[in-house]
Amino acid sequence: MNLENKLSHTRALLQEIAANEASVVLANSLGAEDMVLTDLIADMCLPIGIFSLDTGRLPAQTYDLMQVMAEHYPAYPLQVFFPDTQATETWVAQHGMNAFYQSVELRKACCEVRKLQPLRRALAGHSAWVTGLRREQSVTRSDMSEREPDTVHGLMKYSPLLDWSEADVWAYIRQHGVPYNALHDQHYPSIGCAPCTRAISAGEDVRAGRWWWENPESKECGLHGKVSLLKSASA
């Protein structure tokens, strides 16, 4: 399927989501895929809110993009959710500022405080959320579905770019003048917290720069953990 057909399908799915869901939001990580979805939502004037999670350890370039977004998409203000101050201070006091390098368990515990707890607040009261996940990004995402019930948070989850390639994403960005994170031009295809993200070398997997000290099978923070499909949803 070429990009034109994929784009047509994605637009139709976004329209369907906006029409059928009572309240839907886009989780924008300020990566290339989420900027494509932001641009599509704004271009189609869809009633879909947009939020982001500020872990307190994001790269400066990510904050720069937040500011650019405010100017480029004034009708779609980015709602930013922060970690709970007490929970963050307690975690750092108990484990240390960079304890996430020590084990997968500690890294996921850090993600719990800085990402998952704010995510639960961001999704509260909504019937669905939209993500920029793509199947080819990692082995942990290869069997995800375009639409599936998120049983963890109790709402529907949609991934309209699931079958897009990285080339598709960048072709759209270039063609439509979509603002993007400057780190992408420094060989950062996937961008998260500054201490957990590095540039990749030619030939490396696009997710190789995320939690590079871990095995590929563990490279999820919990935001997009595998969900169980409800029988009612497939009926």
Side-chain angles (χ1 to χ4, degrees), residues 7 9-56 58 61-84 111-134 137 141 144-162 164 169 172-173 176-181 190-193 221-225 227 233:
L7 182 56
H9 174 76
T10 297
R11 285 180 176 273
L13 178 56
L14 286 171
Q15 286 181 321
E16 178 186 335
I17 295 168
N20 296 333
E21 293 292 349
S23 179
V24 56
V25 286
L26 165 67
N28 190 333
S29 67
L30 287 304
E33 291 82 4
D34 295 329
M35 293 310 300
V36 167
L37 289 171
T38 295
D39 192 75
L40 285 169
I41 289 169
D43 181 63
M44 300 167 70
C45 299
L46 297 176
I48 296 177
I50 303 174
F51 75 85
S52 190
L53 306 178
D54 184 350
T55 63
L58 299 180
Q61 293 86 343
T62 299
Y63 295 114
D64 290 342
L65 181 56
M66 287 183 180
Q67 185 63 39
V68 171
M69 280 185 65
E71 300 164 3
H72 199 85
Y73 304 107
Y76 287 85
L78 183 69
Q79 185 175 13
V80 181
F81 289 83
F82 299 87
D84 176 75
C111 289
E112 168 67 28
V113 172
R114 294 182 182 275
K115 289 185 176 182
L116 303 190
Q117 291 178 11
L119 177 67
R120 286 193 280 273
R121 288 190 285 113
L123 297 180
H126 298 291
S127 63
W129 64 309
V130 177
T131 80
L133 297 179
R134 292 188 297 107
Q137 286 172 326
R141 298 176 179 181
M144 285 186 166
S145 300
E146 195 174 64
R147 62 183 81 200
E148 56 189 6
D150 180 344
T151 58
V152 175
H153 301 103
L155 71 173
M156 286 298 295
K157 178 178 178 179
Y158 296 90
S159 301
L161 303 183
L162 200 61
W164 284 43
V169 171
Y172 181 92
I173 287 174
H176 297 270
V178 179
Y180 63 87
N181 197 312
S190 180
I191 303 167
C193 292
C221 60
L223 266 74
H224 303 297
V227 297

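Between the NE2 atom in H176 and the CE atom in M35 there is a gap of 13.5 Å [rounded to 0.5 Å]. W129 CH2 to S23 OG: the interatomic distance, rounded to the nearest 0.5 Å, is 14.5 Å.
L14 has its side chain out of reach of Y158: every pair of non-hydrogen atoms, C-beta onward, lies at least 4.5 Å apart. Looking at heavy atoms from C-beta onward, V169 lies out of side-chain contact with Y180 at the 4.5 angstrom threshold. The shortest side-chain heavy-atom distance between I48 and Y76 does not fall under the 4.5 Å cut-off. Counting heavy atoms from C-beta outward, Q61 and I191 have side chains that stay 4.5 Å or more apart.
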Please report the C-alpha distance between I173 and V36 in whole Å, then the side-chain angles of each, then the deciding distance to 0.1 Å, and finally whether the side-chain contact (heavy atoms from CB on, under 4.5 Å) criterion is met.
-> CA-CA 7 Å; I173 287 174; V36 167; 3.8 Å; yes
Quick one: do I50 and D34 satisfy side-chain contact (heavy atoms from CB on, under 4.5 Å)? Show the steps, please.
-> CA-CA 10 Å; I50 303 174; D34 295 329; over 6 Å; no
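R120 meets the side-chain contact (heavy atoms from CB on, under 4.5 Å) test with E112, L116, Q117, H153; sequence neighbours excluded. With sequence neighbours left out, the side-chain contact (heavy atoms from CB on, under 4.5 Å) criterion links E16 to L13, N20, R147. Residues passing the side-chain contact (heavy atoms from CB on, under 4.5 Å) test with S52, sequence neighbours excluded: L30, M66, L78. Shown here are the side chain to side chain donor-acceptor pair (under 3.5 Å) partners of E146, two or more places apart in sequence or in another chain: H9.
Listed by first and then second residue, the side chain to side chain donor-acceptor pair (under 3.5 Å) pairs involving residues 37-48 are R11-D43, N28-T38, D39-Y73, D39-Y172 (not counting sequence neighbours). The salt bridge (charged side-chain N to carboxylate O under 4.0 Å, His left out) analysis of residues 17-27, with sequence neighbours excluded, yields no pairs.
Evaluated for a side chain to side chain contact (heavy atoms under 4.5 Å, CB included) with I17, the options L26, V24, L46 yield exactly one hit, V24.
Formation of a donor-acceptor pair under 3.5 Å by the T10 side chain with backbone atoms of P160 is found in this model. At distances below 3.5 Å, not a single donor-acceptor pair connects side-chain atoms of R114 with backbone N or O atoms of L53.
Residues L161 and E33 approach most closely at CD1-O, 3.4 Å, considering heavy atoms. Of all the heavy atoms in P118 and F82, the pair that sits closest is CG-O, 3.8 Å. Taking both residues in full, the closest heavy atoms of P179 and V68 are given as CB-CG1, 3.8 Å, listed atom of the first, atom of the second, then distance. Between L155 and S127, the closest heavy-atom pair is CB-O, 3.2 Å.
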